[in-house]
Amino acid sequence: MRLSRYFLPTLKETPSEAEIVSHRLMLRAGMIRQHTSGIYSWLPLGLRVLRAIEQIVREEQDRAGAQEILMPTVQSAELWRESGRYDDYGKEMLRIVDRHERDMLYGPTHEEVVTDIFRKNIQSYRDLPKNLYQIHWKFRDEVRPRFGVMRGREFLMKDGYSFDLDPLAARRAYYRMFVAYLRTFHRLGLKAIPMAADTGPIGGSLSHEFIILAETGESAVFCHKDLLDKTPPQNVDYDGDLEPIFKEWTSLYAATDEKHGPDHGVPEGDLVSARGIEVGHIFNFGTKYSVPMGATVTTQDGSSVPVHMGSYGIGVSRLVGGIIEASHDDAGIIWPDSVAPFQVALVNLKAGDAQTDAACADLETRLAAAGLSVLIDDTDERPGAKFATQDLIGLPWQLIVGPKGLARGVVELKRRATGERHEVTVESALAHLTGTGA
RNA sequence: CGGGGCGUAGCUCAGCCAGGUAGAGCGCCAGCUUUGGGAGCUGGAUGCCGGAGGUUCGAAUCCUCUCGCCCCGACCA
């Protein structure tokens with residue numbers, strides 16, 4: 001992509017509406033624009049990041065045996081009356097009346113819809129287990145939206161739902177998602193720590209929040225320091241017994257502010273106190289919805305039993321902000337390779353100069369051929385302005401090509417995360433970029 | 001939903017207290033110069049001063065109402 005043609009409205013100054021760093025940087029880097037309180041448009045650069053995160057989430061869900069579906073955003077109030085939540089949910093639910101005076105709503109979550117799909121289409125224990133998920137926009141009319149996309153009213157969420165015959169099988173489904181979440185956040189370049197959680201309005205018995213640590217996190221969290229060094233398993237057999245992995249991660253102390261107490265039993269020096277951002281939340285809630293909504297299956301002996309369910313959320317749009325909170329410096333964003341909107345910034349320091357233009361065109365072709373996404377800065381800005389823009393938008397690699405370097409047969413390769421810069425030949429730069437799989 | 005703050009150029013903001021021709025910096029446009037960390041000079045364009053009503057000879061400025069946004073708290077992926 002050529003920067004001269006790309007819609008990337010960057011800002012030199014911070015808009016006054018933005019308080020926290022991720023919100024400021026997302027506005028300045030031209031990723032989003034606010035439409036109204038808590039509701040945003042995604043511009044090309046931001047959308048690329050959103051899609052990259054979505055894709056990683058999708059791959060890990062599929063790997064763990066979940067299947068993607070897509071449910072409606074606008075739902076009928078009827079189902080919610082059936083589950084009993086229509087009156088419980090309160091003002092957070094955006095209620096709409098259609099032309100026939102029927103009560104509708106913009107979905108804040110989808111337990112009712114998915115349970116309805118299940119009960120109408122699955123009758124036998126032989127069709128279990130099932131795990132269905134979607135990546136979709138939700139709306140919760142928060143009293144006070146804030147922090148940009150971290151706490152918007154409209155947000156993109158991965159929500160998944162498991163259906164099992166009995167509590168034991170449901171627990172195994174829970175473990176599968178638990179492990180899938182560990183892997184997902186790891187791939188996103190995040191250190192996410194599962195913490196025992198309250199189940200809130202969704203209800204149930206077993207629940208964990210996945211919290212990433214960032215100085216600007218919304219709430220205080222506490223955990224054993226050994227949790228910070230753990231990495232999830234590389235290869236997982238999702239058909240195998242995942243309880244050991246679950247135990248390994250939950251045996252160390254970890255608690256959010258509300259659950260933290262003096263009886264944590266962690267030696268003074270081992271307790272980490274930090275700020276956290278919730279990016280995922282999983283629940284096992286048994287028959288809370290299947291009983292009132294009649295989601296049952298016939299068992300082997302011919303009797304009818306309600307299915308045991310769980311639900312599993314990941315705040316996809318929130319993650320964009322969360323990743324920035326966890327990865328930035330004074331100059332701007334530092335994207336992890338896995339979610340970067342482009343892998344390489346190819347900076348032509350003197351657009352219009354025949355030799356640098358030719359060198360950049362050649363590099364662009366060869367980087368693209370190697371499968372790397374490249375944003376080429378072909379504008380006639382001054383070098384200083386180009387560097388500032390690149391550091392702001394934070395692509396993992398900057399390949400800087402100027403006439404002075406070319407005269408000496410070199411280009412400059414800069415790693416955004418570390419700031420390391422090396423003068424290397426064109427060939428060696430290419431070898432490095434394509435070789436690292438960047 | 002309680003408390004507070006702010007709406008003036010694309011962005012950041014001054015002007016309001018004490019009414020009298022709408023401003024600055026950045027950005028944008030043109031030209032010249034410059035060319036490795038958000039350059040310099042010259043010239044230029046840009047505003048229903050959030051909206052409606054009122055007071056006044058005269059309102060960005062005072063009064064009333066209204067809409068929007070932000071912050072703190074209570075609540076949440």
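Throughout, a chain's letter reflects where its sequence line sits, starting with A, and its residues are numbered from 1. Hydrogens, waters and symmetry mates play no part in the numbers below; they use all other heavy atoms, side chains included.
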Applying the 3.5 Å cut-off to both distances, the Watson-Crick or G-U partner of rU56(B) turns out to be none
Considering only the P atoms, how many Å lie between rG38(B) and rC28(B), rounded to the nearest integer? 16 Å
Which value, in whole Å, describes the distance between the P atoms of nucleotides rC32(B) and rG23(B)? 30 Å
Re rU42(B): Watson-Crick or G-U wobble partner, both distances kept under 3.5 Å, found to be rA30(B)
- [ ] Evaluate whether atom NZ of Lys91(A) has more than 12 neighbouring non-hydrogen atoms of other residues, nucleotides or ligands under 6.0 angstrom away.
- [x] no
In whole angstroms, the gap separating P of rU35(B) from CZ of Phe387(A) amounts to 15 Å
Using the P atom as the point on both nucleotides, what is the distance between rA22(B) and rC41(B), in whole Å? 28 Å
*pair Asp391(A)-Arg416(A): side-chain heavy atoms closer than 4.5 Å*: yes
**C1'-based separation of rG7(B) from rU61(B) [nearest Å]** = 15 Å
Take the angle between the ring planes of Phe283(A) and His281(A) and call it parallel below 30°, perpendicular above 60°, tilted in between. parallel
Q) So does Gln390(A) get a side-chain nitrogen or oxygen closer than 4.0 Å to the phosphate oxygens (OP1/OP2) of rG37(B)? A) no
Next on the checklist: What's Lys158(A) touching, base or sugar-phosphate or nothing? Going by heavy atoms closer than 4.0 Å.
Outcome noted: nothing
Arg146(A) CZ to rA77(B) P, in whole Å, measures 13 Å
Margin query: Measuring to OP1 and OP2 of rC26(B), would you say a side-chain N or O of Lys12(A) lies under 4.0 angstrom away?
Written below: no
task = Step through it carefully: locate the ring centre of Tyr133(A), locate the ring centre of His110(A), and say whether they are under 6.0 Å apart.
result = no
Quick one: the side chain of Arg151(A) and the base of rC76(B), do they pair up donor-acceptor inside 3.5 Å? yes
note: Asp257(A), atom CG; rA74(B), atom C1'; distance rounded to Å ~ 15 Å
### Query
Is any side-chain N or O of Thr14(A) closer than 4.0 Å to OP1 or OP2 of rC11(B)?
no
For rC48(B), the nucleotide meeting Watson-Crick or G-U wobble distances (both under 3.5 Å) is none
- Message: rA39(B), OP1 or OP2 - any side-chain N/O from Arg382(A) closer than 4.0 Å?
- Response: yes
By nearest-nucleotide position on RNA chain B, the 5'-leaning member of Ser317(A) and Ile20(A) is Ile20(A)
Parallel, tilted or perpendicular: rings of His264(A) and His260(A) (30°, 60°): parallel
When Lys404(A) and Lys91(A) are each assigned the nearest nucleotide of RNA chain B, the 5'-most assignment goes to Lys91(A)
*asked:* Measuring to OP1 and OP2 of rA74(B), would you say a side-chain N or O of Arg144(A) lies under 4.0 angstrom away?
replied: no
Ring centres under 6.0 angstrom apart (Phe178(A), Phe210(A)):
yes
Taken to the nearest whole Å, CG/Leu349(A) to P/rA39(B) is 14 Å
Exercise. Under the criteria of a ring-centre distance below 5.5 Å and an interplanar angle below 30°, is Phe155(A) stacked with the base of rA77(B)?
Worked result: yes
Separation of rA77(B) atom P from Asp141(A) atom CG, nearest Å, is 15 Å
When rounded to whole Å, the CD to C1' distance for the pair Glu17(A) and rC13(B) reads 15 Å
Here the distance between atom P of rU35(B) and atom NZ of Lys350(A), to the nearest Å, is 8 Å
* Heavy-atom donor-acceptor pair, Glu13(A) side-chain to rG10(B) base, under 3.5 Å -> no
Atom CD of Glu381(A) and atom P of rU34(B) are separated, to the nearest Å, by 18 Å
Of Arg2(A), Arg5(A), Lys386(A), the one forming a salt bridge (charged side-chain N to carboxylate O under 4.0 Å, His left out) with Asp378(A) is Arg2(A)
Any idea how Phe139(A) and Tyr106(A) line up, ring-wise: parallel (<30°), tilted (30 to 60°), or perpendicular (>60°)?
perpendicular
Under a 3.5 Å limit on both distances, the Watson-Crick or wobble mate of rA14(B) is none
(Q) If I pick the C1' atom on rC67(B) and the same atom on rG50(B), what distance separates them, to the nearest angstrom? (A) 7 Å
Checking all strands, does Gly313(A) fall into the base, sugar-phosphate, or nothing category for heavy-atom contacts under 4.0 angstrom?
-> nothing
Checking N1-N3 plus N6-O4 or O6-N4 for Watson-Crick, or N1-O2 and O6-N3 for wobble, each under 3.5 Å, the partner of rG2(B) is rC72(B)
Could you give the distance separating rA24(B) and rA18(B) at their P atoms, to the nearest angstrom?
27 Å
query = In whole Å, what separates the C1' atom of rG2(B) from that of rA9(B)?
reply = 36 Å
Touch class at under 4.0 angstrom, heavy-atom based, for Ile314(A) against every strand present:
nothing
With the side chain defined as heavy atoms from C-beta on, Arg318(A) is closest, among rC76(B), rG38(B), rG36(B), to rC76(B)
Gln34(A) has its side chain closest, among rG36(B), rC1(B), rC69(B), to rC69(B)
Q: Taking only the side-chain nitrogens and oxygens of Ser16(A), find out if one of them lies under 4.0 Å from OP1 or OP2 of rU12(B).
A: yes
*Can you tell me, in whole Å, how much space there is between the C1' of rC69(B) and that of rC11(B)?*
16 Å
OP1 or OP2 of rC70(B) less than 4.0 angstrom from a side-chain nitrogen or oxygen of Ser37(A), does that happen here?
yes
Worksheet item: Does any donor-acceptor pair link the side chain of Arg421(A) with the base of rG37(B) at a separation under 3.5 Å?
Response: yes
Side-chain contact check for Arg28(A): nearest option of rG38(B), rC71(B), rC76(B) is rG38(B)
